[in-house]
Structure formats: C-alpha cells, structure tokens
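Order of listing sets the numbers, starting from 1, for every ligand and every atom in it. Residue numbers run from 1 in the order of the sequence given.
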Amino acid sequence: MELNFQNKVVLVTGAAGGIGSCLIEEFTRTGARIYGTDIIAGPSENYFQGDITDVTFLRSMVERIINMEGGIDVLVNSAGICLRTPLKDITRKEWELLMDINLTSVFLLTQLVVENMKTQGSGTIVSLASVAGKVGGIIAGTHYAVSKAGIECFTKSAAKIYAPYGITVNAVAPGIIDTSMQDDVPADQMSSVLRSIPMQRAGTAKEVAATVMFLASGLASYITGQTICVNGGNYM
Ligand SMILES: NC(=O)c1ccc[n+]([C@@H]2O[C@H](COP(=O)([O-])OP(=O)(O)OC[C@H]3O[C@@H](n4cnc5c(N)ncnc54)[C@H](O)[C@@H]3O)[C@@H](O)[C@H]2O)c1
C-alpha cells in the first residue's frame, strides 16, 4: 500500500504557507495534477493568486480548473490566519474577518467543488482545523479557536450529507507546527509551550502533510467525518 495521486486533480488553499507549500511539493511528488491558491504569490505553476474571502474569485478558479481538468478529486483547505487578540479587545470587524478567512472559505469552497464530485461519484475534502478548536486555544485568540471548532463541526455535517455520493470529508488538527504562523509568538512563551508538549518539540509541515495526504488517499476510503490530531501528544 502506498500513497499514489497519479492523475488526481488536487486543489490546495493557503498554498504559499508553510503547510500549503509542503502539500504542493508532496502531492506533486506522488503524481497529482496540483493547483494552488493563496493571497500571496506562490510556488506552483498552476497557481491562482486571490483572496479566499472573495466568492467571485473562488467560483471562477473552480470553474477554470474543472474546465481544464474535467473535475477536482481533492480539496485541501489550508488557508488561515491566526490572531491572538485578547477576547475583550476583539472587534466585530476582526471577528468577521477571521471567520471569513478560516471558516466561511471552507463552506464556500466545499459548496463550489462538491456538485462536480457528486457527478464523479468520488472526491475528498480535508480541512486544517487545530488543537485550539478542541481546547479553546493555547496561544491563539478566541475567534481563532472558534473558527477551528467550526471546521470540525462543518466536517461532520458535510461528511454525513455527502457520504452517499462517495465523497469523504475530514479534518486534521495540528498542535504547534514550525511555520511562519508561529513567528509572532515571543521566544520565552514558545519555549514554555514546547516544554508542555509530551514530545517536547514543535511538529513539522511534513508531519501534517503526511496525515492530510493519508486522509485524501484511497488508504482512508472508510474514514469520514473525522478530525485527526497531529500534535506530539499535546492534546489526547
Ligand atoms: N502552524 C501551526 O502551528 C498550525 C497549528 C494548527 C493549525 N494550523 C492551520 O494550518 C493551516 C496552514 O497553516 P500554516 O502553518 O501553513 O500557516 P501559514 O501562515 O504559513 O499559511 C497560511 C496561508 O494562508 C494564506 N492566507 C491568509 N489569508 C488569506 C486570504 N484572505 N486569502 C487567501 N489566502 C490567505 C496566507 O497567505 C498563508 O500563505 C491554517 O489553517 C492554520 O490555521 C496551523
């Protein structure tokens, strides 16, 4: 048994980020026809630069990929922002921006790709949740934690609705992963968080990508509605 995405059409959001760019590399290595999107310029040839909160952009990107490839087999929702504003200081505007980027984008893109997946009779959606969504945040803001808990519930709901069509919907909940998302955490605070993790270290983008790719592959054909933790034992 091995991971094989030969001729599978894969769309990854947040493709310029630490986890997203690793996914682009690994999916490409395993034969996928890979497409990436991010608000900033990215590493892939088949790349759509745009804002994940802009539904017109999302619709035209999905239509273009389906026109070129005939369908989309795998959607990975990795775009996200992590804000750490204390609850008392979060404005409605900031709350809505974070929800739009982290959670509403998952809903919109699922809606946009799923009709084609239903016609194909197959498809896989994997979204990046977080340990923050399970415990209410460790070093992230309330809005971030809520958006990630929302992804878990969205995942279960969509999994139930689309299972009869051969579509699986799952999530991966990383703990502390060594990407630029954690760059703003003061070093002393990060050291104490890392000491509290049973494995005493941050995870790597590759360790998250491996779980995303397993869930997106035929190896996980009987797994749906699940959120798999990748956290060094940080949350059990
Ligand atoms: N790094 C961690 O410790 C960690 C832990 C738990 C969950 N996650 C989740 O994993 C996912 C990937 O995180 P990462 O570590 O690669 O972070 P990252 O910051 O390296 O990547 C996130 C990407 O999302 C993109 N993005 C942000 N706003 C956007 C917008 N409006 N439109 C389009 N793209 C936008 C960014 O440009 C960036 O490239 C995120 O959803 C994050 O919440 C990360």
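Checking only distances, Ile177 does come within under 3.5 Å of ligand 1, N or O to N or O. On a distance-only criterion, Asp51 and ligand 1 share at least one N/O pair closer than 3.5 Å. Considering backbone and side-chain atoms alike, Pro174 places every N or O at 3.5 Å or more from each N or O of ligand 1. Any N or O atom pair closer than 3.5 Å counts here, and Ile40 shares no such pair with ligand 1.
Closest non-hydrogen pair, Ile72 versus Asn116, comes out as N-OD1, 3.1 Å. Minimum interatomic distance between Val10 and Val12 (heavy atoms only, all atoms of both residues): CG1-CG2, 4.0 Å. In this structure, Leu194 and Ala202 approach most closely via the heavy-atom pair CD2-N, 3.6 Å. For Ile19 against Ala205, the heavy-atom pair with the smallest separation is CA-CB, 4.0 Å. When every heavy atom of Gly225 is checked against every heavy atom of Asn170, the shortest pair comes out as N-OD1, 3.2 Å.
Remark: Phe5 engages Phe27 in a ring-ring contact (aromatic ring centres under 6.0 Å, His included) (not counting sequence neighbours).
The part of Ala129 lying near ligand 1 is the backbone, judged by heavy-atom distances below 4.0 Å.
A heavy-atom distance below 4.5 Å is not found between the side chains of Val74 and Leu11. With a 4.5 Å cut-off on side-chain heavy atoms, Val193 and Ile139 count as touching.
Protein heavy atom at the shortest distance from atom 21 (O) of ligand 1 is Gly17 CA, 3.3 Å. For atom 20 (O) of ligand 1, the nearest non-hydrogen atom of the protein is Gly18 N, 2.8 Å. Protein heavy atom closest to atom 16 (O) of ligand 1, with residue, atom name and distance, is Ile19 N, 2.8 Å. Looking only at protein heavy atoms, the nearest one to atom 8 (N) of ligand 1 is Tyr144 OH, 3.6 Å. Annotation: atom 36 (C) of ligand 1 to nearest protein heavy atom, Asp38 OD1, 3.4 Å. Here the heavy atom of the protein found nearest to atom 33 (C) of ligand 1 is Ile39 N, 3.3 Å.
The residue from Ser78, Gly20, Ser147 that puts a heavy atom closest to atom 40 (C) of ligand 1 is Ser78. With distances taken over non-hydrogen atoms, the option nearest atom 32 (N) of ligand 1 out of Val106, Ile101, Ile52, Thr179 is Ile52. Distances from atom 24 (O) of ligand 1 to the heavy atoms of Gly175, Gly80, Ser130, Ala132 show the closest one on Gly80. Of the candidates Gln49, Lys148, Met181, Gln182, Lys148 brings a heavy atom nearest to atom 41 (O) of ligand 1.
Few gaps surround CG on Asp100; more than 12 heavy atoms of other groups in view lie less than 6.0 Å from it. More than 12 heavy-atom neighbours from other residues, nucleotides or ligands sit within 6.0 angstrom of CZ on Phe57.
In the vicinity of Ser180, heavy-atom distances shorter than 4.0 Å reach the ligand 1 atoms 20 (O). Proximity to Gly14 (heavy-atom distance under 4.0 Å) selects the following atoms of ligand 1: 23 (C), 24 (O). Those atoms of ligand 1 with a heavy atom of Ile81 less than 4.0 angstrom away are 27 (C), 28 (N).
Under the 4.0 angstrom criterion for non-hydrogen atoms, Gly50 is in contact with ligand 1.
Taking the ring centre of Tyr235 as origin, the terminal cationic atom of Lys134 falls outside the region bounded by 6.0 Å and 45° from the ring axis.
Between Thr37 and Gln49, the side chains place no donor N or O within less than 3.5 Å of an acceptor N or O (distance only, hydrogens not considered).
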